[in-house]
Amino acid sequence: MARLNPVDLFDVRSLLTDEEQMIQDVVARFVDERALPLMGEAFDRGRFPSELIPEIAELGLLGSSLEGYGCAGLNAVSYGLICQELERGDSGLRSFASVQSSLCMYPIHAYGSEQQKQRWLPGMAAGEVIGCFGLTEAHGGSDPAAMKTHAKRDGDDWIINGSKMWITNGNIADIAIVWAITDNGITGFVIETDMAGFEAQEIHSKMSLRASVTSGLFFDNVRVPDSNRLAGVTGLKGPLGCLTQARYGITWGPIGAAIACLNEVLDYTANRNLFGRPLAANQAIQIRLADMARRITGAQLLSLQLGRLKDSGKMMPQQVSVAKWNNARMALDIARDCRDILGGAGITTEYAAIRHMLNLESVITYEGTETVHQLVIGRELTGINAF
Ligand code: TGC
Ligand code: FAD
């Protein structure tokens, strides 16, 4: 009898179109050949492997689901597969692509003027202009409506004061999409990071997402022309609309991290002999491996159906919350369990499990904590807002 693929028990790949399979294969090859040889060292040294940016751009992975302006115009399932393969390498790689694509290029594409699109999107797709997204503030990221960063009109310009915290790509960004309070409500601005009064300070004390740049942003009377305002949206729905795009991709990413961990322990337990037999021959180990494969299968089916809903224009943010919660939790639990199965070896970055485990502590926190997504679903079920 033919054996099942342990990391695709339900042959979810057969539900992909030829084009989607081809895109997944291309990104998988890039991750195996170009990214994975670097990631352990990059994580150890706490550096983002920015030398990969030109290749990531060359493959069309930046703004991949946007139409025009040098973007690839792929469907949502393809974007998901890109996120899955990048995160099989490292959450930091996927985070870089998510922020650039969903949090920076998307708002310019969706809310920006034609002039703003022409000015920034082609360079961003080419990886020559890097973006970051400033929504979170130090006093409470779960409640962005309470932001203090503000913008005041001054003739043809705006004067922005305040700060943002935990901002991916902050110190490598050429532009920052910054959300600030104005007299008209929450408004998005494209701040060019060489504008006077802008400062980014990298956060170095991280034990998670070490192969990613995370920064605080500070705005001291930054003068921004009105032509840099994203005039197409006002209110919290502007940034939340971007988060829905990014969270969708994040439902796929952790599947990649979980697959990397399961593949690693399948190999390890087959080859490690204890008590006169392979570790994999123990019932207690097989139950744990089976549970991992079961949970990966559920996550794969969830994200694929979510992608099909998105491609047909029917995806709801509450559905994204279900999948972000389920898939980030699934991968974090699997990475922690794999770390344990590797024994002492599992505490080193020679194996990928602890790197994924530590990264996933951020993935379960950012883009809405697990609790935030649970409360979004609770509100949908009961009609009662518990925030
Ligand atoms: P509420 O006041 O009810 O709604 C405001 C307006 O927004 C609309 N809306 C959404 N639109 C699109 N997508 C969504 N997910 C939306 N959720 C709400 C809503 O319809 C309303 O529109 P309108 O026209 O009536 O004005 O806001 P709420 O009560 O739904 O929000 C509360 C809560 C807690 C869910 C929200 O504040 C929230 O999601 N908080 C978490 C913040 C968060 O996730 N921050 C992430 C920062 S970025 C990041 O972490 C990047 S990590 C790097 C990487 O991505 O790799
Ligand atoms: P808090 O909001 O203070 O939450 C603390 C705890 O309280 C959490 O457990 C939370 O679930 C819980 N909690 C909150 N509200 C409730 C409630 N009503 N009931 C019960 N429990 C509750 N942000 C950006 O804007 N741009 C970025 O690029 C970005 N990149 C990031 C990269 C990394 C590596 C990390 C770690 C974070 C990043 N973030 C970014 C910030 C991220 O979105 C926030 O950390 C997240 O939204 C949570 O906000 P917080 O850290 O302030 O925690």
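Because only heavy atoms are used, hydrogens play no part in the values below, and waters and symmetry mates are left out as well, while side chains stay in. Each residue takes its place number in the sequence, starting with 1. Indexing begins at 1, ligand by ligand and atom by atom, following the structure's order.
- Taking any N or O of Asp143, backbone or side chain, none lies under 3.5 Å from an N or O belonging to ligand 1.
- In Trp166, neither the side chain nor the backbone holds a heavy atom less than 4.0 Å from any atom of ligand 1.
- In terms of polar-atom proximity, defined here as any N/O pair under 3.5 Å, Ser98 makes no such contact with ligand 1.
- For the residue pair Ser102/Tyr79, the side-chain donor-acceptor check at 3.5 Å is satisfied.
- Proximity of atom 45 (N) of ligand 1 to the protein is indicated by at least one non-hydrogen atom lying closer than 4.0 angstrom.
- Interface of Glu367 with ligand 2, defined as ligand atoms under 4.0 Å from a residue heavy atom, comprises 43 (O).
- Considering backbone and side-chain atoms alike, Ser142 places an N or O below 3.5 Å from some N or O of ligand 1.
- The N/O atoms of Asn385, backbone and side chain alike, include none that comes under 3.5 Å of an N/O atom in ligand 1.
- Among the atoms of Val99, none of the N or O lies under 3.5 angstrom from an N or O of ligand 1.
- The Tyr366 neighbourhood of ligand 2 comprises atoms 31 (C), 32 (C), 33 (C), 35 (C), 37 (C), 38 (C), 42 (C), 43 (O), with distances under 4.0 Å to a heavy atom of that residue.
- For Ile250, every heavy-atom contact with ligand 1 shorter than 4.0 Å involves the side chain, none the backbone.
- Ligand 2 places these atoms under 4.0 Å from at least one heavy atom of Thr371: 11 (O), 20 (C), 21 (N).
- Scanning the protein for heavy atoms near atom 24 (O) of ligand 1, the closest one is Lys237 CD, 3.4 Å.
- For atom 55 (O) of ligand 1, the closest non-hydrogen atom of the protein is Glu367 OE2, 2.8 Å.
- With no hydrogens or angles considered, a side-chain donor-acceptor pair links Asn271 and Asp267 at under 3.5 Å.
- Among all non-hydrogen protein atoms, the one lying nearest atom 2 (O) of ligand 1 is Leu236 CD2, 4.3 Å.
- Between the side chains of Glu192 and Asn228, at least one donor N or O lies within less than 3.5 Å of an accepting N or O.
- Nearest protein heavy-atom contact of atom 15 (N) of ligand 1 is Thr244 OG1, 2.9 Å.
- Between the side chains of Gln24 and Arg13, a donor-acceptor pair is found at a separation under 3.5 Å.
- If you look at Leu103 next to ligand 1, the close heavy atoms, those under 4.0 Å, all belong to the side chain.
- Under the 4.0 Å distance rule, the nearest protein heavy atom to atom 29 (O) of ligand 1 falls inside the cut-off.
- Under 4.0 Å is where a charged nitrogen must lie from a carboxylate oxygen, and between Asp183 and Arg153 no such pair does.
- Below 4.0 Å from some heavy atom of Thr365 lie the following atoms of ligand 2, by number and element: 45 (O), 46 (C).
- In the model, Asn5 has no side-chain atom that pairs as donor or acceptor with a side-chain atom of Asp11 under 3.5 Å.
- With no hydrogens or angles considered, a side-chain donor-acceptor pair links Gln201 and Glu199 at under 3.5 Å.
- Within 4.0 Å of atom 19 (C) of ligand 1, not a single protein heavy atom is present.
- Checked against a 3.5 angstrom limit, the closest N/O atoms of Leu240 and ligand 1 fall inside it.
- When atom types are taken as modelled, the side chain of Thr251 and the backbone of Ser303 share no donor-acceptor pair closer than 3.5 angstrom.
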